[in-house]
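Just below is one structure, and these are the notes that go with it.
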There are 2 protein chains.
Amino acid sequence: MIKTSGKQTIMVQGFKFAGISAGIKKTGGKDLALIYSERPAVTAGLFTTNRIKAAPVKLAVEGIASQKGQAIIINSGNANACTGRQGTADAKEMKTRTAKALGISPELVYVSSTGIIGKPLPVEKIRNALPGLIGALSPTSLTQAASAILTTDTFTKTVSKKIKIGSKTGIIAGIAKGAGMICPNMATMLCFLVTDISTNKKALDSALRKAVNKSFNRLAIDNDMSTNDTVMIMANGLLENSPITKNSPYYEKFENALSDVTYTLSEMIAEDGEGATKIIQIVVKGAGTESDAEKVAKAISNSMLVKTAIYGNDPNWGRIMAAIGYSGIEVNEQKLDIYFNKIKLVSKGVGTGKDKSVRNTLSNKKTIITVNLGTGNKSAGSLTCDLTEEYIKINAHYGT
Amino acid sequence: MIKTSGKQTIMVQGFKFAGISAGIKKTGGKDLALIYSERPAVTAGLFTTNRIKAAPVKLAVEGIASQKGQAIIINSGNANACTGRQGTADAKEMKTRTAKALGISPELVYVSSTGIIGKPLPVEKIRNALPGLIGALSPTSLTQAASAILTTDTFTKTVSKKIKIGSKTGIIAGIAKGAGMICPNMATMLCFLVTDISTNKKALDSALRKAVNKSFNRLAIDNDMSTNDTVMIMANGLLENSPITKNSPYYEKFENALSDVTYTLSEMIAEDGEGATKIIQIVVKGAGTESDAEKVAKAISNSMLVKTAIYGNDPNWGRIMAAIGYSGIEVNEQKLDIYFNKIKLVSKGVGTGKDKSVRNTLSNKKTIITVNLGTGNKSAGSLTCDLTEEYIKINAHYGT
């Protein structure tokens with residue numbers, strides 16, 4: 001796995017990328033990205049579950065039914081959400097103009113937007129920037145695209161992983177943006193993945209759903225869910241392996257590799273959570289059902305009090321107990337064990353007094369909180385970051 | 001209604017109060033309170049829905065079945081939660097010793113604790129302080145009791161309201177503590193109410209439930225729910241009115257007065273939310289059902305992004321739209337109107353551009369956000385406070 005913030009060049013045969021500045025962001029930073037496949041690719045996508053969807057997301061939800069795609073154009077700086085009829089018209093114009101400029105059918109183009117909600121998309125800036133964007137397309141420019149989709153993120157997020165499919169070696173590469181407004185159901189999180197591995201539609205869709213469930217859907221920065229979340233993958237098949245189906249021997253390998261890529265991207269998003277200084281990984285074991293384990297993991301990773309405690313290097317296991325208690329599952333307090341960084345802090349529902357030794361480990365970049373519910377053998381995890389004054393500063397003053 | 005932070009003396013016939021320092025709080029502040037009725041009172045109580053309940057809460061849940069009570073002893077500084085068998089023994093000892101010292105049956109005594117979770121209750125300090133506590137009992141000491149139940153609160157919260165029942169004038173008085181860890185289902189929130197009005201058990205229980213639903217259950221400071229939440233009321237009947245029943249002509253008047261008292265206390269709690277600089281009131285109208293309106297109101301008042309925006313005087317209605325969208329109800333974006341302090345910011349799902357005039361109003365102590373869903377005629381409200389750097393500071397370093 002190659003995890004990079006821009007130092008290595010990732011290439012995936014048949015794909016070209018571009019990231020330029022179109023003047024949408026006030027800062028003048030890169031704000032327009034394009035991902036283009038030489039030939040139409042099998043495509044899958046998952047989108048926000050928010051009932052209020054941004055205009056481009058509505059279009060993409062319609063378009064993805066075909067499971068075909070060849071280009072994704074993404075702008076940052078403006079979410080084109082809550083923009084009414086004009087927003088829909090703007091997203092459509094962005095789509096058709098991109099198709100025309102690339103000389104492909106509009107059905108093969110997806111549009112994605114991220115940034116401020118409720119302001120008209122400056123579509124003329126995108127229109128004017130299109131020739132330059134297409135001119136910048138290059139097989140080596142994944143990082144440029146990755147940096148053009150960022151908003152309050154502090155570093156670009158690209159990941160790639162090679163997999164052997166028979167005698168051939170394919171690659172999955174992905175870029176993501178996150179930072180704020182992330183919640184366990186994928187919120188203002190964008191992730192675009194490309195691969196040269198050949199798969200059929202059903203296998204690609206299924207593998208993407210699994211990967212997202214194991215990664216982005218378990219990620220919590222704050223508890224807000226955005227109108228724009230998108231995860232998409234294009235598989236152009238240029239590896240010319242025998243196409244992966246759900247029954248193919250390589251399906252599981254492909255699915256696992258894809259999950260690895262999305263998990264690594266979700267870790268990078270947690271690391272870059274607004275104002276975050278630490279990653280917090282939650283592992284819940286010993287649950288009666290996986291759904292119970294998930295509820296507990298999410299309750300803990302959504303707790304502002306847990307997140308501020310970790311920020312303050314405070315092994316405050318009482319807040320973990322409280323979160324378990326309100327997670328909605330039946331709990332047997334007398335069977336609960338809690339570990340912070342593998343040190344047992346709570347045994348059978350009562351503190352062990354090892355707070356001091358735990359405290360020493362909490363200044364690390366990553367904290368692992370393990371809960372054993374003691375009532376079964378199912379488990380689940382989640383990922384979050386600490387909550388700091390910086391988060392407040394960013395979110396009190398970002399926006400209008 | 002008299003709302004006071006200690007300047008007025010509230011008296012309720014037949015009740016005595018005390019608040020002293022027992023040395024539980026490291027600061028040396030008041031940390032032990034007693035509320036005592038001359039004669040056994042009809043009593044009702046509501047307790048945390050957290051599955052992990054503090055030891056005294058478990059006892060109170062058992063005890064309240066009788067709906068009788070005469071004394072409530074409350075300590076702050078230690079929650080006696082997650083303290084295992086020792087915790088239960090300590091809560092029982094606190095109960096029986098108080099009963100013995102007052103010369104009443106233990107069944108008439110309730111114990112309540114708030115503060116740090118997971119540390120053994122320093123029960124010997126309470127034992128030693130009991131004679132002094134009882135010696136301090138006085139009809140004029142409600143404020144002393146109110147200040148002894150506080151933790152990170154910055155001011156005491158007492159409210160009283162007089163009501164005419166026929167030719168007689170009764171009074172309902174209450175004290176509360178809140179500050180942090182408050183969520184829409186009543187979390188580390190303590191509230192103790194007393195009245196001289198005579199009611200039967202059923203009427204008192206029913207009125208308390210209604211009052212709590214309209215006040216504390218709609219309050220959100222953070223989204224965490226504590227192990228210790230308690231709301232209790234004792235009605236000693238010394239007014240000697242004909243006892244209020246659910247069918248009595250005065251029932252509704254009594255219920256409304258009680259709701260007024262708890263709502264005012266919940267406003268005071270919001271005002272004193274950890275690090276808060278502003279109260280935010282959410283009003284949701286035009287919903288198909290009251291439950292839909294409630295879900296939207298809670299989603300908005302739980303949103304960290306909404307709370308930080310108000311802190312930053314930012315009329316960021318996009319965050320309101322996002323919260324409505326993920327609240328779980330069906331939403332018709334094109335019917336949505338949003339007002340900030342009565343200025344229409346969103347009309348039929350699209351911004352009106354009045355952000356600047358709204359911004360000028362956001363420096364006020366209270367912001368009212370009104371949402372009209374445009375799909376029915378049901379409504380609901382919620383109450384919260386802004387989220388500031390100070391909240392983070394308090395919660396990163398409070399605790400162990």
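Basis for what follows: all heavy atoms, side chains included, without hydrogens, waters or symmetry-related copies. Naming: A, B, ... by sequence-line order, numbering from 1 per chain.
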Roughly how far, to the nearest 0.5 Å, is CD1 of B:I320 from SG of A:C82?
11.0 Å
Evaluate the criterion side-chain contact (heavy atoms from CB on, under 4.5 Å) for residue pair A:N332 and B:R51; output intermediate values, then yes/no.
CA-CA 9 Å; A:N332 187 337; B:R51 301 292 171 105; over 6 Å; no
Gap between atom CD of B:E389 and atom OH of A:Y391 - 0.5 Å precision:
12.5 Å
Between B:K348 and chain A, which part of the residue has a heavy atom less than 4.5 Å away: side chain, backbone, both or neither?
neither
Okay, A:I329 and chain B: the region with an atom under 4.5 Å from a heavy atom over there is backbone
For the atom pair CG (A:L387) and CG (B:N395), what is the distance rounded to the nearest 0.5 Å?
9.0 Å
For a side-chain contact (heavy atoms from CB on, under 4.5 Å) check, start with the C-alpha distance between B:T49 and A:Y326, then their side-chain angles and the critical distance, and finish with the verdict.
CA-CA 7 Å; B:T49 58; A:Y326 65 68; over 6 Å; no
Steps toward side-chain contact (heavy atoms from CB on, under 4.5 Å) verdict (A:I392, B:K307)
CA-CA 9 Å; A:I392 310 291; B:K307 290 148 66 85; over 6 Å; no
Contact leader toward chain B among A:Q334, A:M321, A:K53, where contacts are heavy-atom pairs under 4.5 Å:
A:M321
Between B:A396 and A:Y311, what is the shortest heavy-atom contact and its length?
CB-CD2, 3.7 Å
When the 4.5 angstrom heavy-atom criterion is applied to A:Q86 and chain B, the contacting part is neither
B:E330, part contacting chain A, at a heavy-atom distance under 4.5 Å
both
I want to check something: taking the side chain as every heavy atom from C-beta on, are B:L336 and A:I52 in contact at a cut-off of under 4.5 Å?
yes
I need the residue from B:T83, B:V331, B:T388 with the largest number of non-hydrogen atom pairs under 4.5 Å to chain A.
B:T388
Any chance you could measure A:I394, atom CD1, to B:T308, atom OG1, to the nearest 0.5 Å?
10.0 Å
